*Asks:* 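Dumping the structure here so I can ask a few things about it.
The basis for the numbers below is simple: all heavy atoms, side chains too, and nothing from hydrogens, waters or symmetry mates. Note that the structure is a prediction, hence the values are computed from the model and not measured. To find a chain, count down the sequence lines: A is the first, B the second, and so on, and within it residues start at 1.
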Number of protein chains: 2
Amino acid sequence: MTSLKDIAKKAGVSVCAVSLVLNGKDKNRVSEATAQLIRDTAASLHYEPNMMARTLKTNKSHTLGFVTDEIITTPNAVRIMLGAQEAARKLGYMLITMNTNNDKTLERQGIATLKRYHVDGFLYAFMYHRVVDVPDTLRKLPTVVVDAEDAKCDIPSIYPDEFAIGYDATTRLVRAGCKRIAYFGSEADIIAQTKRLAGYRQALQDGGMRENPDLIVGATEYDNADQRALKLLKEQQPDGVFSFNDVRAASLYMAANQLKLGIGTDISIVSVDNLPNITAVLRPGLTTIELPHYEMGFEAVRQLVAIIEQRNKPQIEPNQPFRSSFETRDILTTAHGSIIERDSAVAVSSPTPEEALKQD
Amino acid sequence: MTSLKDIAKKAGVSVCAVSLVLNGKDKNRVSEATAQLIRDTAASLHYEPNMMARTLKTNKSHTLGFVTDEIITTPNAVRIMLGAQEAARKLGYMLITMNTNNDKTLERQGIATLKRYHVDGFLYAFMYHRVVDVPDTLRKLPTVVVDAEDAKCDIPSIYPDEFAIGYDATTRLVRAGCKRIAYFGSEADIIAQTKRLAGYRQALQDGGMRENPDLIVGATEYDNADQRALKLLKEQQPDGVFSFNDVRAASLYMAANQLKLGIGTDISIVSVDNLPNITAVLRPGLTTIELPHYEMGFEAVRQLVAIIEQRNKPQIEPNQPFRSSFETRDILTTAHGSIIERDSAVAVSSPTPEEALKQD
DNA sequence: CTGAAAGCGCTTACAG
DNA sequence: CTGAAAGCGCTTACAG
C-alpha cells in the first residue's frame, strides 16, 4: 500500500501538500506545477487513500449501517438493500449490513459493533410495513427508518402509501367495468390491511358504488385462503377482486379454475406484490401492484446522507427508472406503488384522467 | 466516545496498561489489582474500542468484502448472505456488501473501494452456480468463491453438488416405484443442467432402469416450458418426472391438471429449489430439493477466516440446523442439497439404506 | 504559496 | 511487573 508519505518522498514535497492536492483543497495553497506533479506521482504509484486513517482523523467514515430484522429472507424487500446500495455508491458511502434475525440481543450487539466501526448513520429497515420502536441508541444518531414508521414519530420514516395501493387497485377494477368488486384481504392486524381496505372503500365511493360487507373477506396466508376464496367466488359471485397480495391471488386462481370462471374475462383480479416466482407460475398473468422497495432504499439513503452532511437532499439519479413518486410530509415519506399490467383484469381502453391530460 | 486515554487518566495508569488489559494480553505484565481497576473503569465509562484506530495500527480490520453479481435479487441465493453474516458475527467479523449488478466497471470500482476500507478478505458470490474468472486484484488477497467455481481452479470455491441433486431426486422417484422417469430440464448450457442430468442417468442405472432419450426434455424458463411439459406428459406418459427447478415444475403442474393426471398419484414430481413463493402456490405441495445457500455462505466465511488468520477452520456452529454436508477436496468444496418432502411424489414407506442402517 | 508539527486512538516493541 | 515512546496514515490549524 502506498501512502501519502511515499508520494511526498518521490515527488520531493511535503506530506501535507500531497494531502491538500489529492483532496482538491490546494486552491491558492499549492502551485499548479507541484499539484500536477503530485497527481502524476500518485497515479503512477496507484495510490489509494486509507479510509481508516482518514476516518480516525476526520471522524467521518463514509459508512452506513444497514440494520434489518430479516428483510433478507423476503425476495422483494431485499430490493430495499439494492436501492440503498446504489444511492450509497453514488454518494460515496459504503453499506455495512447487519441482520438481527428479530433478536433484540443480536440487534443491540450489532448496533454496538457498527458503532465501533464508526458508521456515520443508520438505516433501520424491515421486511414489511409496521410501526416500530427505534432503539434509544439509534435515536441520538442520524437514522432513517425504512418500510416502517417510528412509533414516536420522531425519526424520519419511509414506507409505502398503502391507502393509495388499495385505491389504485380498486379503481383499476372500477375502470374495467366491474360492478361487484370484492376485497380479499388479510386477517392479520397489520397496517397494510387496514389502509388498503380504506383505499378500497374510498375508490368504491368515488366510483359511485356502495360498499357491500359480504364482499369483504379476510384470510390467513396459508391456512384458510383456499376455502375462503372458493366460498367468496361461489357465494358472492364478484366480477372483480382486489387481492391483498399475490399469495392470496393464487388462492383466487384456484377457486376460479374450480368454478370454471375465466380469469380476466368473467372475473378480474388485481393484486399487490408482483413476486416474480408467483407471477411466473400463474396463468393468465397476474395484474398486480409492485411495492416500491428499491425506491424506498434509494430514498432512505438520500435522506440519511442529507442528515449526516447537514445539507439538502443530494441530487442523484438512480440507474434504473423510478416508478414511484415520493410524498414528503415532515419526517414521514410515503412512496407510491405502480401497477404492473398483465391479463388477470379486463383491459381498459379509455385513458385515465391523467393520461388524458397528458395527451392534450 | 471514551478512549483508552480517558480510562488511563481516570484509573491513574498508563494507556498501554489499559490496552494490554482490555486485549487480554496482561498476563505477567500487569498486576491483577490494576487489571481489575482498569476493567471496572472501562465498564463504567462504557468504553467501546475504536476499530479504525486499531485497524490502522494492526492492519487487520475484521471486515470482509461481500462482492456479488446480483445475488440479492434472487430470493434463495440471498440466503448465502445470511449464512455468511451469521458466521461472520460468530467469528467477530463484519460484512461490507457490494453489488456489482454484473457490471465489470462497477465491480472494479467496488473492489477498489473495499480495499480502501482495508477489508481482510473477499467473498465473491453469485446467484447461480457457474464458472467465473476471478479478477486478478482478488487473486492476490484472501478470497473465497461462493456458488461458483474459479475458472483457474486456484481460488477456494464452494458450490452445490449438482450431480448429487440429480441423483437424489431421481432416486426418490425410483423408490416411489416409478417406472418411466422423465427429466424435464433446461435448454441453457449451465453447470446445473449438465450435472443434474448426469446424476439422473446414474440414478436410473443404479435403479436398474434404462435411459430413454424420449423422456429427456429441455425447456426455456418462460418461453416454451408449458407446451413442452404438456407434450412430454401427453406423448410419453411418464409416471415420474425429475424437474430441473420449481418454475418448470409449475409447468408440469399445469400440464398434469390439463390432462387430469393426479399429481402425487398418477404422476410423481420431484423438483429443485424450494422457492417459498412457488411452493406456496402449488397444490398439492411440491416435493423439491433445497439448495444449500445458507450453508454455503456460512462455510465460505469459515474458510475465508481460516485463510486470513492462517489457521484451521474455526469451530463454530450455525444457529439454524445445517441440513447439508460438505465434501472438501482440495480447494473445491461441494455442498449437498436436502429433499423437502411434500405431496407431489408418491410416498415411500421403506427406509433408505442409510436409514435402515441407523435403525439397527 | 509552502512546510513543520500536532494529533486522531490505538498497539507494540523497548527499556527499566 | 510497569511506563515512555514510536508510529500506523491521514488532516488541519499554524507559522512562515
*Asks:* Starting at the 5' end of DNA chain D and moving along, which residue's nearest nucleotide shows up first, A/Leu20 or A/Lys5?
*Replies:* A/Lys5
*Asks:* If you assign each of A/Ala17 and B/Cys16 to its closest nucleotide in DNA chain D, which residue comes earlier from the 5' end?
*Replies:* B/Cys16
*Asks:* In whole Å, I'd like the distance from the CG atom of B/Leu4 to the C1' atom of C/dT11.
*Replies:* 9 Å
*Asks:* Quick check on D/dC8: is either OP1 or OP2 less than 4.0 Å from any side-chain nitrogen or oxygen of B/Asn59?
*Replies:* no
*Asks:* Answer with base, sugar-phosphate or nothing: what part of the nucleic acid does A/Arg54 contact at a heavy-atom distance below 4.0 Å?
*Replies:* sugar-phosphate
*Asks:* Establish, with yes or no, whether the OP1 or OP2 oxygen of D/dT2 is under 4.0 angstrom from a side-chain nitrogen or oxygen of B/Ser31.
*Replies:* yes
*Asks:* If only side-chain N and O atoms count, and only distance matters, is there a donor-acceptor pair under 3.5 Å linking A/Glu107 with A/Tyr124?
*Replies:* yes
*Asks:* For B/His62 and C/dC10, give me the distance from atom NE2 to atom C1', rounded to whole Å.
*Replies:* 13 Å
*Asks:* Please work out which of the three classes, parallel, tilted or perpendicular, describes the rings of B/Phe322 and B/Phe298, given edges at 30° and 60°.
*Replies:* perpendicular
*Asks:* From the set D/dC10, C/dG9, C/dT12, return the single nucleotide nearest to any side-chain atom of B/Thr58.
*Replies:* C/dT12
*Asks:* Is any side-chain N or O of B/Ser19 closer than 4.0 Å to OP1 or OP2 of C/dT11?
*Replies:* yes
*Asks:* Has B/Asn50 got a side-chain N or O lying under 4.0 Å from the OP1 or OP2 atom of C/dC8?
*Replies:* no
*Asks:* Distance check: side-chain N/O of A/Tyr47 vs OP1/OP2 of D/dC10, anything under 4.0 Å?
*Replies:* yes
*Asks:* Please tell me whether B/Thr333 and B/Glu327 have a donor and an acceptor in their side chains that are separated by less than 3.5 angstrom.
*Replies:* no
*Asks:* Between A/Asn99 and A/Thr68, do the side chains contain a donor N or O and an acceptor N or O under 3.5 Å apart?
*Replies:* yes
*Asks:* How does DNA chain D look in dot-bracket form if you count Watson-Crick and G-U pairs under 3.5 Å, write [ ] for pairs that cross, and put | where a base pairs with another strand?
*Replies:* |||.||||||||.|||
*Asks:* Check the side chains of A/Glu70 and A/Asn101 for a donor-acceptor pair under 3.5 angstrom, ignoring hydrogens and angles.
*Replies:* no
*Asks:* Name the closest nucleotide to the B/Arg29 side chain, picking from D/dT2, C/dT2, D/dT11.
*Replies:* D/dT2
*Asks:* If the condition is salt bridge (charged side-chain N to carboxylate O under 4.0 Å, His left out), which residues does A/Arg54 pass it with, not counting sequence neighbours?
*Replies:* none
*Asks:* Can you tell me how far P of D/dC10 sits from CE of A/Met51, to the nearest Å?
*Replies:* 11 Å
*Asks:* Mind calculating the distance between CG (A/Leu56) and C1' (C/dG7) to the nearest angstrom?
*Replies:* 9 Å
*Asks:* Side chains of B/Leu304 and B/Leu64, heavy atoms from C-beta outward: is any pair under 4.5 Å?
*Replies:* yes
*Asks:* Taking only residues two or more places apart in sequence or in another chain, which ones pass salt bridge (charged side-chain N to carboxylate O under 4.0 Å, His left out) with A/Lys90?
*Replies:* A/Glu86
*Asks:* Contact class for B/Val13 vs. all strands (heavy atom < 4.0 Å): base, sugar-phosphate, or nothing?
*Replies:* nothing
*Asks:* Classify the nucleic acid contact of A/Thr34 as base, sugar-phosphate or nothing, counting any heavy atom under 4.0 Å across all strands shown.
*Replies:* sugar-phosphate
*Asks:* What is the separation between atom OH on B/Tyr117 and atom C1' on D/dC10, rounded to the nearest whole Å?
*Replies:* 14 Å
*Asks:* Just how far, in rounded Å, is P of D/dT11 from CD1 of A/Ile7?
*Replies:* 11 Å
*Asks:* Please report, rounded to the nearest Å, how far the P atom of C/dC8 is from the NZ atom of A/Lys57.
*Replies:* 7 Å
*Asks:* In whole angstroms, how far is the C1' atom of D/dC10 from the CG atom of A/Leu22?
*Replies:* 11 Å
